[in-house]
Amino acid sequence: MEKKQHDLDMRYIRMAKIWAENSYCQRRKVGALIVKDKMIISDGFNGTPSGFENICENEDGLTKPYVLHAEANAITKIARSGNNSDGATLYVTASPCIECAKLIVQAGIKRVVYSEQYRLTDGIDLLKRAGIETVFLNEGEK
């Protein structure tokens with residue numbers, strides 16, 4: 001990867017990590033940015049749907065089933081705007097799950113950059129199968 005692109009990727013991943021701080025979830029805070037033509041066109045973090053209480057876990061500490069992932073929030077925000085994500089890059093702090101990977105494919109996103117590998121790889125596997133470039137940025141890289 002060319003250095004200029006790597007440096008840009010690192011900056012956007014740092015920004016996604018900062019955006020993750022907006023999440024009310026206790027178990028894991030995830031942030032996402034969608035970038036197209038070097039402009040951030042959408043953002044998201046994991047949390048409950050609009051109008052719901054900002055509590056992501058139940059009394060047992062398990063994530064409530066209606067909590068939206070950061071990627072889904074960023075993609076649905078695009079759907080409500082006049083913009084589109086064709087050819088865009090998604091920066092997300094955790095590797096996408098299979099459900100988010102399906103949304104990414106359908107949204108026309110062509111590149112996914114993530115900084116934390118989730119234990120399940122089926123989302124990344126689907127993205128690769130769909131021809132979407134996936135880039136894992138290790139936390140310790142500069």
Side-chain angles (χ1 to χ4, degrees), residues 1-58 61-142:
M1 175 184 342
E2 75 175 58
K3 178 157 176 35
K4 188 174 183 179
Q5 183 62 58
H6 177 77
D7 291 347
L8 268 177
D9 288 347
M10 293 300 288
R11 283 188 206 109
Y12 284 125
I13 276 292
R14 284 196 307 271
M15 292 169 73
K17 287 179 184 178
I18 291 168
W19 202 244
E21 295 172 14
N22 289 314
S23 174
Y24 288 90
C25 296
Q26 300 300 310
R27 291 181 67 197
R28 174 179 295 209
K29 295 177 184 295
V30 179
L33 298 175
I34 299 176
V35 176
K36 186 174 177 179
D37 301 324
K38 296 184 182 173
M39 291 185 298
I40 297 170
I41 59 170
S42 191
D43 55 62
F45 52 87
N46 57 327
T48 56
S50 299
F52 282 63
E53 74 288 345
N54 287 321
I55 301 170
C56 298
E57 292 83 15
N58 64 21
L62 300 174
T63 301
K64 293 178 180 178
Y66 53 84
V67 168
L68 291 159
H69 290 184
E71 306 95 300
N73 267 326
I75 290 168
T76 55
K77 195 181 270 190
I78 286 272
R80 293 181 72 175
S81 75
N83 215 330
N84 72 69
S85 51
D86 283 336
T89 298
L90 171 72
Y91 293 88
V92 61
T93 57
S95 59
C97 71
I98 189 77
E99 293 302 318
C100 288
K102 290 189 275 187
L103 292 174
I104 291 164
V105 171
Q106 289 299 93
I109 292 168
K110 294 299 177 204
R111 192 165 176 267
V112 175
V113 179
Y114 61 100
S115 61
E116 181 185 325
Q117 181 65 55
Y118 188 60
R119 62 183 167 80
L120 300 176
T121 62
D122 51 355
I124 294 295
D125 296 341
L126 181 69
L127 294 175
K128 289 178 180 176
R129 181 175 174 196
I132 295 171
E133 179 185 354
T134 59
V135 178
F136 172 62
L137 287 181
N138 191 326
E139 302 269 345
E141 287 186 44
K142 296 244 178 205

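No hydrogens, no waters, no symmetry mates; every other heavy atom, side chains included, goes into these values.
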For K3 and D7, run salt bridge (charged side-chain N to carboxylate O under 4.0 Å, His left out): C-alpha distance rounded to whole Å, both residues' side-chain angles, the deciding distance at 0.1 Å, then the answer. CA-CA 6 Å; K3 178 157 176 35; D7 291 347; 3.0 Å; yes
Residue list, salt bridge (Lys or Arg N to Asp or Glu O under 4.0 Å) with R27, at least two apart or on another chain: none
Using modelled atom types and a 3.5 Å cut-off, is there a donor and acceptor pairing between side-chain atoms of N46 and backbone atoms of V67? no
Among residues two or more places apart or on two chains, list those pairs meeting ring pair (Phe, Tyr, Trp, His ring centres under 6.0 Å) that have a residue in residues 67-108. Y12-Y91
In this structure, CD of Q26 is separated from OG1 of T63 (nearest 0.5 Å) by 10.5 Å
Could you grab the distance from atom OG1 of T134 to atom CG of L90, nearest 0.5 Å is fine? 11.5 Å
Using the rule given for side-chain contact (heavy atoms from CB on, under 4.5 Å), can you reason through D9 versus R111, listing the C-alpha separation, both sets of side-chain angles and the distance that settles it, and then say yes or no? CA-CA 11 Å; D9 288 347; R111 192 165 176 267; 2.6 Å; yes
Distance col, row I78:CD1 vs I75:CD1, nearest 0.5 angstrom, shows 8.5 Å
So how far is it from E71 CD to Y114 OH, rounded to the nearest 0.5 Å? 12.0 Å
Can you measure from SG (C100) to CG (N73) and round to the nearest 0.5 angstrom? 9.0 Å
Heavy atoms of other groups near E57 CD, more than 12 under 6.0 Å: yes
I13 CD1 to I18 CD1 distance, which is reported to the nearest 0.5 Å: 11.5 Å
Result of checking L126, L103, I104, I132 against P96 for side-chain contact (heavy atoms from CB on, under 4.5 Å): I104
List the residues meeting salt bridge (Lys or Arg N to Asp or Glu O under 4.0 Å) with K102, not counting sequence neighbours, and say none if there are none. E99
Do you know the tightest heavy-atom contact between L68 and P49? CD1-CA, 4.0 Å
What closest approach, in Å, do K17 and S115 show between heavy atoms, and which atom pair accounts for it? CE-OG, 3.5 Å
Tell me every residue that passes salt bridge (Lys or Arg N to Asp or Glu O under 4.0 Å) with E53, counting only those two or more places apart in sequence or in another chain. K64
Restricting to non-hydrogen atoms, name the atom on Q117 and the atom on S95 that form the minimum distance, rounded to 0.1 Å. NE2-OG, 3.5 Å
What is the minimum heavy-atom distance between C56 and G47, and which atoms define it? SG-CA, 3.9 Å
Show every donor-acceptor pair shorter than 3.5 Å between a side-chain atom in residues 29-36 and any protein atom, with sequence neighbours excluded, or say none if there are none.
residue: K29; atom: NZ; partner: S23; partner atom: O; Å: 2.6
residue: K29; atom: NZ; partner: C25; partner atom: O; Å: 3.0
residue: K36; atom: NZ; partner: N84; partner atom: O; Å: 3.3
residue: K36; atom: NZ; partner: N84; partner atom: OD1; Å: 2.8
residue: K36; atom: NZ; partner: D86; partner atom: O; Å: 3.4

With sequence neighbours left out, what residues match K77 under salt bridge (Lys or Arg N to Asp or Glu O under 4.0 Å)? D43
